[in-house]
Amino acid sequence: MTQSVGIIGHGLTGITAAIMLARAGYQVDLIGRKPEFSGGLQLAPNGLAALQSLGLYDDVMKKAVRLESICITALGDGRTLADISHHDKRVYLGMGRADLYQLLARHLSQQKNIRTLASPAIHLARSGEAMEIFLEDGRSVHADEIIGADGANGLCRSFVAGAQLSRKEAPYFAMRSEISADILPRLFCRPQTRLMLGEGCHFVSYPIAAQKKINCVFCASAEALHPEWADSILAGHPLLKYLYDANPHWAKLPLYHDTPIASWRRMGVTLIGDAAHMMPPHLAQGAGQGFEDIAYLGAQLAIKDLSAGLRSMAIDRAARLAPVSGKAGVTGRVMRLSGLPGQLRDSLLGLAGTQLVENWLEDIWQGNN
Ligand SMILES: Cc1cc2nc3c(=O)[nH]c(=O)nc-3n(C[C@H](O)[C@H](O)[C@H](O)COP(=O)(O)OP(=O)(O)OC[C@H]3O[C@@H](n4cnc5c(N)ncnc54)[C@H](O)[C@@H]3O)c2cc1C
């Protein structure tokens, strides 16, 4: 008999897992409301290798902007600290989240064995040999296994690890916006990641949507991001004032640094994506790691049954994620340095930044090999 999987969470991880599992022959229920997607994502070589093994790479390439380098400058005086160029063999992309979701939704619609249920899950329970998922709209769904792709504050994470990040105050936030490229200086439209390091804050931008839009993210402490933050930080800056003049909507996103959870599986529930490994976005790895979870699970299911494949994925990927998450946290701390430590950071980057960044990211970009 065909085995069934209930996937909770209709974000980028949930929908991608649904496509992989349906193609592998499982009956899939994808549970949760489709979120509104805005802003962009960078996709590094490891995430792209995972998307390639899931048969999604070619479509992603058609919609993404290939970024040629990561240019790190000082936010204060604009001097270049490091320029990490992506050589011919290293593909590194910028892509709109809405574009990525749209192409995933097209692949989803091609699978007959996926049912989408646009209602949040409110409770999980054992039901004989299977699991039962209770939905907010009163229905319930039985599944042999549940995959929790419902993010850092979801039901599944609580079920497996008892941990909910929303109970913690976020010390740092990202302000994210997408701005039309027409109204920004050409510098922002270059096919590169621009990282500007400031005093306890930093700014990242890169083009998305065929270079018609620029994804802009400003990260700083909760105190610095008071209601007039844009007047005090953006308005007087020679480059960032163009963002200020554009007056876009800024989405305020909390940045947590989570201690990685050791176990991603309990009873019939297995976590993937942010539900398993919420990390700050400073290495641009969150979604890419979710795609790695799914590709790794796909490879396990080619040689193991469903429960054994999920168990292996949960153990092996948790071991792989702990150092990645640690590095994301350290990177955030370095990006937030100020005063003398910040000046030392900038000097070091000026002397050997390219090599330092390449070495720091090498094992992460290599992926789950
Ligand atoms: C500022 C910022 C920049 C980033 N940049 C990058 C980048 O450049 N590259 C990169 O790879 N990653 C990046 N990330 C990380 C990336 O956005 C996340 O890792 C990724 O979106 C996680 O996807 P997910 O589907 O696992 O979780 P989520 O996006 O959190 O999706 C979970 C879904 O589950 C739903 N849900 C919750 N509870 C329930 C329930 N009870 N029932 C049903 N559904 C439920 C939610 O509504 C949501 O739709 C960035 C993150 C931030 C904040």
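Note that the numbering runs from 1 along the sequence shown for the chain. Whatever order the structure lists ligands and atoms in, that order sets their numbers, starting from 1.
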Review point. Do any nitrogen or oxygen atoms of Ala152 come within less than 3.5 Å of a nitrogen or oxygen of ligand 1?
Key: no
Study note, to complete from the structure: Note: with side-chain heavy atoms under 4.5 Å as the link, the other cluster members for Leu243 come out as Leu75, Phe173, Met175, Ile179, Ile183, Leu184, Leu187, Phe188, Met196, Phe203, Ile214, Phe218, Leu225, Trp229, Ile233, Leu234, Leu239, Leu240, Tyr242, Tyr244, Trp250
Review point. Within 4.0 Å of atom 43 (C) of ligand 1 (strictly less), any protein heavy atom?
Key: yes
Study note, to complete from the structure: Closest heavy-atom approach to atom 32 (C) of ligand 1 among Gly9, Ala149, Gly286 is made by Ala149
Practice item. Could you pull out the closest heavy-atom pair between Val60 and Leu93, with the gap in Å? Key: CG1-CD1, 3.8 Å
Check your understanding: Side chain or backbone of Gln289 under 4.0 Å from ligand 1, or both, or neither, by non-hydrogen atoms?
Key -> neither
Review point. Nearest to atom 2 (C) of ligand 1 by heavy atom, Gly288, Ala251, Pro281: which?
Key: Pro281
Exercise for review: Would you check whether Arg176 has a nitrogen or oxygen atom less than 3.5 angstrom from a nitrogen or oxygen atom of ligand 1?
Suggested key: no
Point to revise | Region of Ile8 engaging ligand 1 - heavy atom pairs below 4.0 Å | key: side chain
Review point. Just heavy atoms, cut-off under 4.0 Å: does Ala174 contact ligand 1 by side chain, backbone, both, or neither?
Key: side chain
**Study point:** Protein heavy atom under 4.0 Å of atom 48 (C) of ligand 1
**Key:** no
Point to revise | Protein heavy atom at shortest distance from atom 7 (C) of ligand 1 | key: Gln42 N, 3.5 Å
Practice item. Let me know which of Thr73, Val204, Ile72 forms a side-chain contact (heavy atoms from CB on, under 4.5 Å) with Arg194. Key: Thr73
Check your understanding: Between Ala44 and ligand 1, which residue portion shows a heavy-atom distance shorter than 4.0 Å: side chain, backbone, both, or neither?
Key -> neither
Check your understanding: Going by distance only, is there an N or O of Arg33 that falls short of 3.5 Å from an N or O of ligand 1?
Key -> no
**Study point:** Distance from atom 28 (P) of ligand 1 to nearest protein heavy atom, with residue and atom
**Key:** Gly151 CA, 4.4 Å
**Study point:** Result of checking Val65, Ile84, Leu43, Thr193 against Tyr92 for side-chain contact (heavy atoms from CB on, under 4.5 Å)
**Key:** Thr193
Point to revise | Sub-4.0 Å heavy-atom contact, Arg97 with ligand 1 | key: yes
Check your understanding: Is the shortest N/O to N/O distance between Ser119 and ligand 1 below 3.5 Å?
Key -> no
Practice item. Give yes if a backbone or side-chain nitrogen or oxygen of Ala287 is under 3.5 Å from a nitrogen or oxygen of ligand 1, and no if not. Key: yes
